[in-house]
K.L.:
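Here it is: the structure, laid out below.
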Amino acid sequence: MTTPVDLGDVAAHGAAPIRTRRHVPGSSASDLHTALLDWFAAEARDLPWRDPATGAWGVLVSEIMLQQTPVARVEPRWRDWMARWPSPADLAAASPADVLRAWDRLGYPRRALRLREAAAAISRDHGGLVPTGMADLLALPGVGTYTAAAVTAFAYRRRAVVLDTNVRRVLARLVGGRALPPPTQVVAESERARALLPDGDEESARWNAALMELGALVCTARAPSCSACPVRTECAWLLAGRPADAHASNRRTQAWHGTDRQARGRILAMVRQATGPVTPTDLARAWEPGPQYERALAGLLTDGLVAATTAPDGVVLGYALPLT
DNA sequence: AAGACGGGGCA
DNA sequence: TGCCCAGTCTT
């Protein structure tokens, strides 16, 4: 149905994006755009935060939860969260303890505290409405480049360069002809993404979502389903014979067992599940005594994830989630 | 630019 | 076991 765009040059040089958008009267979309947007219209998952009835607050909550956490684990937590705190003001009025318990085991619990702080800032500085500009969004705790762009695109349906791990991988393959993007994001990637972004607001928003969805469902990191890909005839990586990852040796896998992070997780899990303060003796059962335990607990206190209750003489009676 | 920061699921 | 996941913040 469509004529594949010739990406041979891109595949050969592996360099920057080279195609520009076509401006055909009556049709602003290139064949590439049409193919991916049609696929997205047919195959997109029915995620609750994509419901048009979900407002910007719901989108923001979903984006924070989805930072480094897969969709399948986020969805039930998001539903509970939105039922309990349907507006920023509702969350701002909640205690950190309630927020951390509702966060459950989504991981990176500092995100939960930052989301609460963001809700307070939204209530205080923006009349209770999630701000619309990139600068105001970026000023919110826990909102970085990706999340600000995602809220702009998916909540407000405006043009923004949304570059997450999925989009980076899809563009690295489709346009760059590489197996995977570089270990850390480089300027050329955002330029490439911008060059491909449709001009229209609504169309660009759908394009961003479609790229992410393709990366999540088809153009996956481990075992991409190229035979099912709607843009396989235009993929520089596939056309080049799916060459192996060039930076494989530079990628560093993060340790887990026996790390400070695991110790923090164990300690916080014990405090989170307790109904009242945990005595120092009980808490010490969460991890082997020693400098690592002390370091982990101190870090949790510093981060505001755990609070100590003390007697008048300063002796620690117990540890609990912070009530304020 | 590099490191810290959770936790679970799948090959 | 190793790798991956809609990243952000600090140094």
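Just so it is clear: chains get the letters A, B, ... in the order the sequence lines come, proteins before strands, and each one is counted from 1. Reckoned from all heavy atoms, side chains included, excluding hydrogens, waters and symmetry mates. Computed from a prediction, not measured in an experiment: that's the story for all the values here.
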K.L.:
Please tabulate the protein-to-nucleotide N/O contacts below 3.5 Å involving nucleotides 7-11 of chain B, giving atom names and distances.
P.N.:
from  : atom 1 : to       : atom 2 : distance (Å)
B:dG7 : N2     : A:Arg73  : NH2    : 2.8
B:dG7 : N3     : A:Arg73  : NH2    : 3.0
B:dG8 : OP1    : A:Arg105 : NE     : 3.3
B:dG8 : OP1    : A:Arg105 : NH1    : 3.3

K.L.:
Without decimals, in angstroms, what is the distance between A:Asp245 CG and C:dG2 C1'?
P.N.:
15 Å

K.L.:
Drop me the distance from A:Ile64's CD1 to A:Arg116's CZ, to the nearest 0.5 angstrom.
P.N.:
15.0 Å

K.L.:
Is A:Glu75 reaching over with its side chain to a backbone N or O of A:Leu47, donor-acceptor style, under 3.5 angstrom?
P.N.:
no

K.L.:
A:Asp260 has an atom CG; how far is it from atom C1' of B:dG3, in whole Å?
P.N.:
12 Å

K.L.:
I'd like to check A:His33 versus A:Ser30 (side-chain heavy atoms, cut-off strictly below 4.5 Å). Are they in contact?
P.N.:
yes

K.L.:
Figure out the CE/P separation between A:Met65 and C:dC5, and round it to whole Å.
P.N.:
20 Å

K.L.:
Could you measure between the two P atoms, the one in C:dT8 and the one in B:dG8, and give it in whole Å?
P.N.:
23 Å

K.L.:
Nearest whole angstrom, please: distance from the P of B:dG6 to the CH2 of A:Trp287.
P.N.:
12 Å

K.L.:
Base, sugar-phosphate, or nothing: which does A:Trp49 touch, judged by heavy atoms less than 4.0 Å apart?
P.N.:
base

K.L.:
Is a side-chain donor or acceptor of A:Arg173 paired with a backbone partner of A:Arg242 at a separation under 3.5 angstrom?
P.N.:
no

K.L.:
Can you check the A:Arg251 CZ to C:dC5 C1' distance for me, whole Å?
P.N.:
14 Å

K.L.:
If I pick the C1' atom on B:dG6 and the same atom on C:dC3, what distance separates them, to the nearest angstrom?
P.N.:
15 Å

K.L.:
In Å, rounded to the nearest 0.5 Å, how long is the span from CG of A:Leu140 to CD of A:Glu117?
P.N.:
11.0 Å

K.L.:
With a 4.0 Å cut-off on heavy atoms, is A:Leu47 in touch with a base, just the backbone sugar-phosphate, or nothing at all?
P.N.:
base

K.L.:
Say we look at B:dA11 and C:dA6: how far apart would their C1' atoms be, to the nearest angstrom?
P.N.:
23 Å

K.L.:
Rounded to the nearest angstrom, tell me the gap between atom CD in A:Gln185 and atom C1' in C:dC9.
P.N.:
15 Å

K.L.:
Roughly how many Å is it from CZ in A:Arg77 to P in C:dA6, rounded to a whole number?
P.N.:
19 Å

K.L.:
With a 4.0 Å limit, can you tell me whether A:Thr253 has a side-chain N or O closer than that to the phosphate oxygens OP1/OP2 of C:dG2?
P.N.:
no

K.L.:
Of the options B:dC5, C:dA6, C:dG7, whose atoms approach the side-chain atoms of A:Gln67 most closely?
P.N.:
C:dG7

K.L.:
Salt bridge or not between A:Asp245 and A:Arg178? Use side-chain N to carboxylate O under 4.0 Å.
P.N.:
no

K.L.:
Take the protein atom CG of A:Leu66 and the nucleotide atom P of B:dG6, then report the distance between them rounded to whole Å.
P.N.:
18 Å

K.L.:
Can you confirm if the aromatic rings of A:Trp85 and A:Trp57 lie within a centre distance of less than 6.0 Å?
P.N.:
no

K.L.:
Can you tell me how far CD of A:Gln273 sits from OG1 of A:Thr275, rounded to the nearest 0.5 angstrom?
P.N.:
8.0 Å

K.L.:
Distance from A:Cys229 atom SG to A:Glu234 atom CD, nearest 0.5 Å?
P.N.:
9.5 Å

K.L.:
I want to confirm an ordering. Mapping A:Leu138 and A:Val71 to their closest nucleotides on DNA chain C, which one lands closer to the 5' end?
P.N.:
A:Val71

K.L.:
Using a cut-off of strictly less than 4.0 Å between a heavy atom of the residue and any atom of DNA chain C, enumerate the qualifying residues of residues 142-156 of chain A by number.
P.N.:
A:Gly142, A:Val143, A:Gly144, A:Thr145, A:Tyr146, A:Thr147

K.L.:
How would you label the contact of A:Arg168 with the nucleic acid (heavy atoms, under 4.0 Å): base, sugar-phosphate, or nothing?
P.N.:
nothing

K.L.:
Any chance the side chains of A:Tyr108 and A:Arg114 put a donor and an acceptor closer than 3.5 Å?
P.N.:
no

